[in-house]
There are 2 protein chains.
Amino acid sequence: MMTVHEVSKLAGVSIRTLQYYDTIGLLHPAGYTDSGYRLYDDTDLKRLQQILLFRELEFPLKEIRRIMENPDFDQAKALSQQIDLLTLRRKHLDDLLKLARQLQRKGENNMDFKAFDTSKIDEYTQKAKASWGDTAEYKEYEKKHGKRSSSDSKKAAEGLMAIISGFAPLREKHPSDAAVQAQVKKLQDFISENYYSCTKETLSGLGKMYAAGGDFTKNIDAAAGDGAASFINEAIQIYTK
Amino acid sequence: MMTVHEVSKLAGVSIRTLQYYDTIGLLHPAGYTDSGYRLYDDTDLKRLQQILLFRELEFPLKEIRRIMENPDFDQAKALSQQIDLLTLRRKHLDDLLKLARQLQRKGENNMDFKAFDTSKIDEYTQKAKASWGDTAEYKEYEKKHGKRSSSDSKKAAEGLMAIISGFAPLREKHPSDAAVQAQVKKLQDFISENYYSCTKETLSGLGKMYAAGGDFTKNIDAAAGDGAASFINEAIQIYTK
DNA sequence: ATTGACTCTCACGTTACGTTATAGTTTATA
DNA sequence: TATAAACTATAACGTAACGTGAGAGTCAAT
């Protein structure tokens with residue numbers, strides 16, 4: 001059993017934060033002393049770790065609580081999503097870095113704000129949140145963000161997975177093989193049509209995310225065989241170079 | 001001249017945000033129509049871009065204003081620091097990703113919170129802020145964070161640069177050469193003693209930052225010759241593998 | 001028994017906007 | 001030319017996640 005001070009030191013959060021998390025019901029300590037001092041155990045620490053991961057991804061504390069309160073909360077699933085989101089964020093940082101370097105070199109104008117665009121991250125975040133039960137909020141979101149009904153987006157997702165599956169019979173070839181590369185182009189075109197303009201750069205980022213070990217990796221490997229995500233990523237990296 | 005709506009669309013910020021930035025004096029539009037509508041020009045857009053970069057790095061708006069108000073505000077210097085900070089953040093994300101993957105694999109406990117530690121980022125942020133004039137706040141910060149007086153830290157910095165300079169005569173050799181690798185080890189030991197425990201992993205991250213094109217790159221190249229930062233990074237990457 | 005280091009619970013302050021509410025302005029259309 | 005549709009303005013209150021004292025017990029060591 002650890003005191004607030006000890007947990008604070010170990011986890012790098014303030015004592016006030018621990019107190020706050022207790023009062024809002026996000027993280028109750030395992031117990032209290034007679035005099036009301038908080039006492040944390042290992043389970044609490046693990047929970048805190050989860051919370052901090054969500055927090056790094058800028059989930060509101062209320063959301064985090066809702067997600068973790070859920071009786072069918074799935075730690076593995078959460079980690080999967082967190083990995084996807086972290087990968088997206090890394091991509092975002094890379095974009096910003098590139099912009100900064102451009103500005104540095106050209107000293108002059110580069111009136112580009114695409115690097116600040118977080119819509120892809122936001123979208124995945126929304127989906128992730130929605131996958132944790134609250135159907136009401138999700139419908140709300142769908143209504144707000146255009147009419148693409150969930151049946152439409154399901155159809156799009158199916159089309160995407162069909163293309164992904166198309167990689168399965170190509171697995172024996174080299175990623176640089178013409179047939180494989182053609183399939184990559186198919187993928188790019190499909191994304192451009194159904195989601196957003198998919199430049200080579202965007203595609204490269206997607207490839208990395210596919211192979212990052214999160215939900216994407218799982219789904220892809222399930223659809224096109226183990227190791228498929230990694231294979232596709234290799235093909236994409238060749239294609240985009 | 002663009003309206004709020006147009007700027008909002010282009011830059012991906014809300015109209016409210018533009019209004020707010022105007023009232024707090026962070027970004028005044030170039031002019032107003034007779035009826036009080038805001039009108040922005042290209043200069044404003046460039047300024048907004050700078051602001052957004054600072055904001056991505058979680059600088060408080062007041063700080064951003066103070067920095068950019070400063071008559072000797074140096075855009076190039078700002079970009080340099082921003083690059084360093086973005087690089088640090090990327091490293092931070094990589095750490096989190098690694099932690100998440102570990103948790104995913106081992107399903108079991110990995111009671112490690114080092115990945116959440118942002119002290120290096122915070123420290124550099126403080127230094128960056130301090131370099132923009134406000135000596136009062138900086139002294140305050142030094143007082144708070146232990147007694148390492150600025151003379152002490154200057155001595156440490158000098159020691160570091162001495163080691164960096166030590167790479168200069170080795171530039172003709174291959175990064176994997178024993179002499180070069182020995183120098184890398186010297187560097188690691190020095191950092192461990194004077195700053196923080198410098199694992200191979202930490203060192204690898206530092207190497208990348210050295211070569212990222214920001215302040216570090218500049219200082220290193222100035223001390224040990226052009227291209228030195230990149231050379232040192234290569235040596236580090238070999239050493240840490 | 002006292003001191004110094006911890007801890008507790010209020011309770012107000014802060015940042016960066018989101019969100020109405022109310023009202024004037026400009027543009028497109030009938 | 002009237003009038004709706006779309007845009008913009010200020011004002012003012014709401015929110016999230018704590019930071020920062022204030023005032024008051026608690027615990028470990030001297």
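Every chain is numbered from 1 and lettered A, B, ... according to where its sequence line falls, protein lines coming before strand lines.
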**Q** Do you know which of L27(A), T17(A), L18(A), L39(A) makes side chain to side chain contact (heavy atoms under 4.5 Å, CB included) with V7(A)?
**A** L18(A)
**Q** Within residues 1-9 of chain A, which residues have any heavy atom lying less than 4.0 Å from an atom of DNA chain C?
**A** T3(A), V4(A), H5(A)
**Q** Just to verify, what does F73(A) make a ring pair (Phe, Tyr, Trp, His ring centres under 6.0 Å) with, not counting sequence neighbours?
**A** W132(A)
**Q** Which distance, rounded to the nearest 0.5 Å, do you find between the CZ of R55(A) and the CD1 of I64(A)?
**A** 8.0 Å
**Q** Would you please name every residue forming a ring pair (Phe, Tyr, Trp, His ring centres under 6.0 Å) with F59(B), sequence neighbours left out?
**A** F54(B)
**Q** According to ring pair (Phe, Tyr, Trp, His ring centres under 6.0 Å), who are the partners of Y40(B), at least two apart in sequence or on a separate chain?
**A** none
**Q** In this structure, how many angstroms lie between the C1' atom of dT15(C) and the CZ atom of R65(B), rounded?
**A** 13 Å
**Q** Using the 3.5 Å cut-off, write out each protein N or O paired with an N or O of nucleotides 24-28 of chain C and the distance between them.
**A**
| unit_1 | atom_1 | unit_2 | atom_2 | d |
| --- | --- | --- | --- | --- |
| dG24(C) | N2 | Y37(B) | OH | 2.8 |
| dT25(C) | O4' | Y37(B) | OH | 3.2 |
| dT25(C) | O3' | S35(B) | OG | 3.4 |
| dT26(C) | OP1 | S35(B) | OG | 3.0 |

**Q** Find the distance between CG (L206(B)) and CZ (F216(B)) and round it off to the nearest 0.5 Å.
**A** 7.5 Å
**Q** Mind running a 4.0 Å heavy-atom check of residues 13-32 of chain A against DNA chain C and sending the residues that fall below it, in number order?
**A** I15(A), R16(A), Q19(A)
**Q** Go through the structure and list residues passing side-chain hydrogen bond (donor to acceptor under 3.5 Å, both in side chains) with K62(A), not counting sequence neighbours.
**A** none
**Q** Under the side-chain hydrogen bond (donor to acceptor under 3.5 Å, both in side chains) test, which residues partner N233(B), sequence neighbours left out?
**A** Q237(B)
**Q** T217(A): which residues meet the side-chain contact (heavy atoms from CB on, under 4.5 Å) condition with it, sequence neighbours left out?
**A** D221(A), A229(A)
**Q** Is it true that R66(B) and E69(B) have a side-chain N and a carboxylate O under 4.0 angstrom from each other?
**A** no
**Q** Does E58(B) have any side-chain hydrogen bond (donor to acceptor under 3.5 Å, both in side chains) partners at least two apart in sequence or in another chain, and if so, which?
**A** R89(B)
**Q** Salt bridge (charged side-chain N to carboxylate O under 4.0 Å, His left out) with D22(A): which residues, sequence neighbours excluded?
**A** R38(A)
**Q** Taking 4.0 Å as the cut-off, does a side-chain nitrogen or oxygen of R38(A) come that near to OP1 or OP2 on dT9(C)?
**A** yes
**Q** Salt bridge or not between D94(B) and R90(A)? Use side-chain N to carboxylate O under 4.0 Å.
**A** yes
**Q** Of all of residues 52-60 of chain B, which get a heavy atom below 4.0 angstrom from DNA chain C, listed by number?
**A** R55(B), P60(B)
